[in-house]
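A note on names: the letters A, B, ... follow the listed sequences, proteins ahead of strands, and every chain is numbered from 1.
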2 protein chains.
Amino acid sequence: MKKAKRARLAAGGWRVGTAAQFLCLSAEESALVETKVTLSQALRRKRVVLGLTQHQLARRLNSSQSRVAKMEAADRSVSIDLLLRGLFALGATIGEIGRVLQRIAA
Amino acid sequence: MKKAKRARLAAGGWRVGTAAQFLCLSAEESALVETKVTLSQALRRKRVVLGLTQHQLARRLNSSQSRVAKMEAADRSVSIDLLLRGLFALGATIGEIGRVLQRIAA
DNA sequence: TCGGGATATGTCAGAATAGACATAGATGCA
DNA sequence: TGCATCTATGTCTATTCTGACATATCCCGA
């Protein structure tokens with residue numbers, strides 16, 4: 001969040017914190033969630049860049065459109081394993097995924 | 001595998017290939033397995049460096065020694081989610097995990 | 001050789017996740 | 001507006017994963 005926006009919200013009486021704070025997540029839990037969200041975003045980005053629909057990706061994964069939608073939404077019912085399977089099915093490499101993870105840490 | 005060893009084995013009549021070839025894994029499947037094995041190795045390394053036993057790590061994870069053993073052995077019954085939980089419980093950062101994944105790609 | 005801690009392996013009941021389907025909402029075009 | 005396509009959400013059952021326990025194996029110091 002930009003400092004300016006943070007200041008605006010604070011001025012308006014909003015208490016500003018991270019999602020992790022709001023949900024009372026421990027450091028480990030939020031790292032896991034952050035990883036998951038990052039991978040789900042990478043999945044959507046990669047699918048869109050390749051010009052595929054959720055349905056098309058689902059067929060590659062022997063899965064369903066609704067599951068792909070949940071993957072991209074980082075739904076509770078989606079595992080990191082499944083997200084990685086999706087990314088690899090779209091041609092991602094391990095190194096590419098490593099880079100994506102390093103980027104959010106910066 | 002070193003070239004010399006490969007040559008020795010070939011000379012001895014062995015057919016030399018990767019584990020993925022032997023197990024008939026697709027590119028996606030083997031990427032997933034490679035990721036899993038890499039993370040399991042990172043977990044063991046990190047645990048040993050910290051001087052913890054499997055039992056001690058298990059307690060941090062609210063799990064059992066036997067499960068930690070399986071995690072480090074990259075057992076079929078272990079998810080990547082669980083491996084990441086283990087790594088984060090040992091203080092690993094997302095960036096650190098990203099680096100580990102990039103390294104094997106090199 | 002024994003004893004004790006650490007690690008490995010097999011199994012199981014319960015919890016979490018998977019694919020599938022129905023359906024709702026969104027978007028764009030004729 | 002009506003229709004077609006894409007995406008989102010809720011729910012079901014089957015499968016997979018998880019913690020726990022029992023037990024086996026390994027390793028080392030006394």
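- Taking the side chain to side chain donor-acceptor pair (under 3.5 Å) definition, one finds that B:Ser64 meets it with B:Ser66, sequence neighbours left out.
- Using modelled atom types, one finds no donor on one side chain facing an acceptor on the other under 3.5 Å when comparing B:Thr38 with B:Gln41.
- Atom CG in A:Leu84 sits roughly 16 Å away from atom C1' in C:dA18 (whole-Å rounding).
- B:Arg85 meets the salt bridge (charged side-chain N to carboxylate O under 4.0 Å, His left out) test with no other residue; sequence neighbours excluded.
- Atom pair A:Asn62:CG and D:dT16:P shows a separation of 13 Å (rounding to whole Å applied).
- The phosphate of C:dG19 has OP1 or OP2 within less than 4.0 Å of a side-chain N or O from A:Ser63.
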Starting from the C-alpha separation in whole Å, work towards a yes-or-no answer on side chain to side chain contact (heavy atoms under 4.5 Å, CB included) for A:Val68 and A:Thr53. CA-CA 10 Å; A:Val68 173; A:Thr53 66; over 6 Å; no
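- Protein atom CD1 of A:Ile80 is 14 Å distant from nucleotide atom C1' of D:dC17, rounded to whole Å.
- Distance CG (B:Asp75) to P (D:dC17): 10 Å, rounded to an integer number of Å.
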Readout for nucleotides 4-17 of chain C: B = base within 4.0 Å of protein heavy atom, S = sugar-phosphate only, - = neither; 5' to 3' it is --SBBBBB-----S
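- Among residues at least two apart or in separate chains, salt bridge (charged side-chain N to carboxylate O under 4.0 Å, His left out) pairs with a member in residues 60-72 of chain A are A:Arg44-A:Glu72, A:Arg47-A:Glu72.
- Applying the side chain to side chain contact (heavy atoms under 4.5 Å, CB included) rule to B:Ala69 yields the partners B:Gln54, B:Gln65; only residues at least two apart in sequence or on another chain are considered.
- With rounding to whole Å, B:Leu57 atom CG is found 14 Å from D:dG19 atom C1'.
- With B:Asp81 contributing its side chain and A:Ser79 its backbone, the two residues share no donor-acceptor pair below 3.5 Å.
- Partners of A:Lys46 by salt bridge (charged side-chain N to carboxylate O under 4.0 Å, His left out), not counting sequence neighbours, listed by chain and number: A:Glu96.
- Scanning DNA chain C for stems, defined as runs of 3 or more consecutive Watson-Crick or G-U wobble pairs whose donor-acceptor distances all fall under 3.5 Å, gives the following ranges: C:1-30 with D:1-30.
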